[in-house]
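Below is one structure, written out as C-alpha cells; comments come after it.
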There are 2 protein chains.
Amino acid sequence: MAKSPADNGASAQQRRLQMADIARLAGVSTSTVSRALAGSKLVNEETRQRVMELARSLKYSINIGAQNLRLKQNRTVGVVVPFDTNTRQHLTDPFFLGMLGSLADALTEQGFDMLLSRVDAEELDAAAQPFDTGRVIGVILIGQWRHHDQLNQLAARHVPIVVWGAQLPQQLYCTVGGDNVSGGLLATRHLLERGRKRIAFLGDVNLPEVAQRYRGYCNALEEAGMAPDAQLCVPVSFLPEGGADGVRELARRGCDYDALFASSDLLAMTAINTLRAQGREVPRDVAVAGYDDIELSTYFHPPLTTVRQPIAAAGRALVAALLEQAEGRAVVSQQLPTELIVRASSV
Amino acid sequence: MAKSPADNGASAQQRRLQMADIARLAGVSTSTVSRALAGSKLVNEETRQRVMELARSLKYSINIGAQNLRLKQNRTVGVVVPFDTNTRQHLTDPFFLGMLGSLADALTEQGFDMLLSRVDAEELDAAAQPFDTGRVIGVILIGQWRHHDQLNQLAARHVPIVVWGAQLPQQLYCTVGGDNVSGGLLATRHLLERGRKRIAFLGDVNLPEVAQRYRGYCNALEEAGMAPDAQLCVPVSFLPEGGADGVRELARRGCDYDALFASSDLLAMTAINTLRAQGREVPRDVAVAGYDDIELSTYFHPPLTTVRQPIAAAGRALVAALLEQAEGRAVVSQQLPTELIVRASSV
DNA sequence: TTGAAAGCGCTAACAA
DNA sequence: TTGTTAGCGCTTTCAA
C-alpha cells in the first residue's frame with residue numbers, strides 16, 4: 001500500500017522515540033519517566049536527573065497528542081481568517097495580516113499554539129470545525145463581515161468564539177474591536193477643522209465596522225452643522241481596487257469634493273493614486289484620511305493621515321477573551337480606543 | 001483547584017459528545033459507529049444512515065486527537081516565521097505575509113492544517129519543537145536568514161523541513177526559492193537598458209538571498225562591461241526604515257547615482273520617499289526597481305518596477321516538498337523562475 | 001520511591 | 001453484518 005504523507009508509520013525513517021524507550025534505557029518504568037519529566041517530587045532526585053539527561057541527549061519529547069488525550073487538555077487556539085467567496089481574496093489587507101502577527105505574539109506569550117485556517121465567509125460554520133473535532137479550545141475570527149447570524153448560531157452552540165469586529169445589537173458572541181464611531185468622528189472632524197467642506201466617504205457600509213465609521217463621519221458633520229450628502233458616500237470593497245473604483249465613481253457622479261475619508265489605509269492609498277492620475281493633488285486639492293494605520297502609511301507619499309487601530313492591544317484582548325470563554329466564564333464585548341494620526345495627506 | 005483555560009474537564013459547559021454516546025443512542029457498538037462514520041461498507045446501509053443522521057443532528061464530530069493517536073497519522077504542518085531577535089520584527093514584510101496566505105491555500109488544498117508559530121531567529125532549534133512533540137509531520141520555514149548551520153542541524157536530525165530561501169553549498173536541508181541571481185540580473189539589466197550608468201544596490205548581502213540578487217546585479221554590470229562599485233552597495237536591513245537609511249547613507253557617501261535596485265519592494269518604497277524628500281524625482285533623477293512584486297507595488301506612486309516572485313507557486317512547491325519529505329522520500333531543492341515587471345518607477 | 005494497571009477516545013483485528 | 005477486545009502514547013491512581 002502506498003504510504004500517504006499523513007502516515008507516520010514504519011518506513012525508512014526510524015521509529016519515533018517514546019516514553020517506553022526512555023524507560024527501558026533508564027531501567028525504570030514509564031510511570032517513573034513520566035513523573036521525572038513532569039518534575040514530580042515523587043521520584044528520586046538521582047533517577048530524575050538520569051531520566052532527564054537521557055531524554056535530553058536522545059532529544060525525546062513527550063507526544064503532545066497522547067498527553068492531551070490522557071489529560072483532556074489542549075493548548076491550541078484556532079485563528080480563522082474568512083475569505084470572500086467571489087474574490088477569494090487572499091489574506092491580503094496588511095491590517096489583517098498585522099493582526100495575525102499580534103495574535104501570534106499574544107498566544108505565544110500565553111503558551112498557546114495557533115492553528116490557522118482560511119474559511120469561506122459564506123460558510124462560517126466551518127470556522128467551528130477545529131473546535132468540534134477537539135483540535136482547539138476555541139476560535140478567534142478575524143473579520144466579522146456581514147455574517148452576524150451565522151456567528152450567533154455558533155455562539156448558541158457554545159463554541160467559544162471571539163470576533164474582531166463591531167458590537168451589534170442582539171449579539172450572542174463576543175467581539176473585540178476598535179471604537180469605529182469615534183474613529184470616524186476623529187478623522188472627519190479633523191478634515192473639517194482643516195477647512196474642508198465636501199468630504200467623500202469610501203467604504204461598504206453593509207459591513208458593520210464600516211457602518212460605524214460612517215456613523216462617526218455623520219456625527220462629525222452634524223457637529224459642524226452639516227448634513228451628509230448621499231452623493232459623497234461611495235460603497236467600495238476592501239480590495240485594493242476599491243480605492244480606485246471609488247474615486248472613479250465620484251468622478252462619474254460629477255461630484256465635487258475637497259476631502260476623502262477612506263475606511264482603510266489600503267483604500268486611501270489606491271484612491272490617492274487614482275486622484276493623482278486625474279491630476280488632483282493630495283492634500284492641496286483633496287485632503288485624504290485613511291483607517292488602520294498600517295505600517296506603510298508612514299512611508300507612503302504623501303504620508304497618510306489615518307485612524308490608528310491598537311493592534312497589539314487587540315491581539316492580547318482577543319486572546320484574553322477567548323481563554324476566559326474557554327474556561328466557561330462569560331465575557332463581555334469590548335471596544336478599544338482609536339487614535340487619530342495626522343500626517344501630510346491632510347494638512 | 002482553579003481551572004486553567006487549557007483544561008476542558010467538567011465545568012458548567014456540558015461534556016463533549018463522544019462516539020460512545022452516539023453508539024448508545026443508536027443502539028449499536030462504537031465499532032459500528034466508527035465504521036459508519038468512516039463510510040465502511042462493512043456496515044448495514046440502514047444502520048449507517050441512522051448513525052450518520054444521529055451524528056449530524058447532534059453535531060458530533062470525531063475527536064481528531066484520539067483518531068490520530070490510534071491511526072498514527074497526522075495532517076498538520078508547522079509553518080514557522082522566524083523573527084529577528086533585536087528588532088523583534090513583527091510579521092511585517094508584506095511579502096512574507098503573502099507567502100503565509102499562499103501556504104494556507106496550498107495546505108487547505110491538500111487537506112492539511114497549519115500550525116503557525118513565530119520563533120526567535122537565533123533559536124531556530126525551536127522550530128522543530130512542534131515536530132518533536134508529534135504535533136506536525138514537518139515544518140515549513142519562511143525565511144532562511146543567516147542560519148544555515150542551525151538548519152543543517154535540524155536536517156541532520158531528520159526533522160522534515162523545507163525552507164523558503166536560497167540554495168547554498170553544503171546544504172542538508174531542502175530549499176524552495178526564487179531564482180535570485182536571475183532576478184537581480186533582470187532588474188539591473190533593465191536599468192542599464194534604460195540608459196542608467198550608476199546603479200545603487202540596497203540590501204544586506206549577508207543574507208543568502210540578497211547575496212544572490214547582488215550577484216545577479218554584478219553579472220548584469222559585467223555584461224555591460226562595467227564593474228561594481230563598492231560605494232554603491234549599501235547594506236540595509238529588511239525593515240521598512242532600511243530604504244530611508246540606505247538613501248541617506250548614499251547621500252552621506254556623496255555618491256552619485258542615477259538608479260537604485262532595492263532588494264525588496266518595501267525598501268524600494270521607503271527609498272523613493274526619502275529620495276523625494278531630498279528633492280530627487282523618480283524615475284527622472286533616479287530610476288528605481290524593487291523585488292517581490294507585493295500587491296501594493298502596482299498602486300504605489302510611481303508604480304514600482306520590480307521582480308516578481310511566484311508566490312502561489314511557491315506555496316504549492318513548499319507544501320509538496322514537505323509532504324514528500326514527510327513520506328520519507330528525498331527531495332531536491334528547487335528554484336522557481338522570477339519575472340521582471342516593468343512599471344513607471346524605472347521608465 | 002516505584003511499578004502495575006486502568007483508561008483518555010478512537011480504530012481494527014478477530015470472532016461470532 | 002456486528003460486537004468484543006486490544007492498544008495508539010501517555011498519566012495517575014493504587015498497591016507495594
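Here is how names work: the chains are called A, B, and so on, in the same order as the sequence lines, proteins then strands, and each is numbered from 1.
Atom-to-atom, CD of B:E46 to P of D:dT1 comes out at 12 Å; the value is rounded to the nearest Å. Distance B:K41 NZ to C:dA12 P: 15 Å, rounded to the nearest Å. For the pair A:R16 CZ and D:dC10 P, the computed distance is 10 Å after rounding to whole Å. The separation between A:R24 atom CZ and C:dG3 atom C1' is 16 Å, rounded to whole Å. In this structure, A:I64 places its CD1 atom 16 Å from C1' of D:dC8, rounding to the nearest Å. A straight line from CG of A:N74 to C1' of D:dC10 spans 15 Å, rounded to a whole angstrom. Rounding to whole angstrom units, CD of residue A:Q18 and C1' of D:dC8 are separated by 9 Å. At whole-Å resolution of the value, CG in B:N63 and C1' in C:dG9 are 6 Å apart.
Within the structure, a side-chain polar atom (N or O) of A:Y60 is placed less than 4.0 Å from OP1 or OP2 of D:dC10. For the pair A:K72 and C:dG9, the criterion of a side-chain N or O lying under 4.0 Å from OP1 or OP2 is met.
A heavy-atom distance below 4.5 Å is found between the side chains of B:L323 and B:I137. The side-chain heavy atoms of A:K41 and A:R48, taken from C-beta on, include no pair separated by under 4.5 Å. Contact annotation: the side chain of B:L151 approaches that of B:L141 to within less than 4.5 Å [non-hydrogen atoms, C-beta and beyond]. Side-chain contact between A:M99 and A:L318 is present, with at least one heavy-atom pair separated by less than 4.5 Å.
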Practice task
Could you encode protein contacts along nucleotides 11-16 of chain D as a string, one character per nucleotide from 5' to 3', using B for base contact, S for sugar-phosphate-only contact and - for no contact, with a heavy-atom cut-off of under 4.0 Å?
Solution key: BBB---

Exercise for the section: Show the numbers, then the answer: is there a side-chain contact (heavy atoms from CB on, under 4.5 Å) between B:Y173 and B:Q150? Expected result: CA-CA 10 Å; B:Y173 55 96; B:Q150 290 192 57; over 6 Å; no

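By the 4.0 Å N-to-carboxylate-O rule, B:R50 lies too far from B:E53 to be salt-bridged with it. Classification of A:K59 and B:D132 as a salt-bridged pair fails, no side-chain N sitting under 4.0 Å from a carboxylate O.
Of the candidate nucleotides C:dG9, D:dC10, D:dT4, C:dG9 has the atom lying nearest to any side-chain atom of A:L69.
When each of A:G65 and B:V43 is assigned the nucleotide of DNA chain D bearing its nearest heavy atom, the one mapping closer to the 5' terminus is B:V43.
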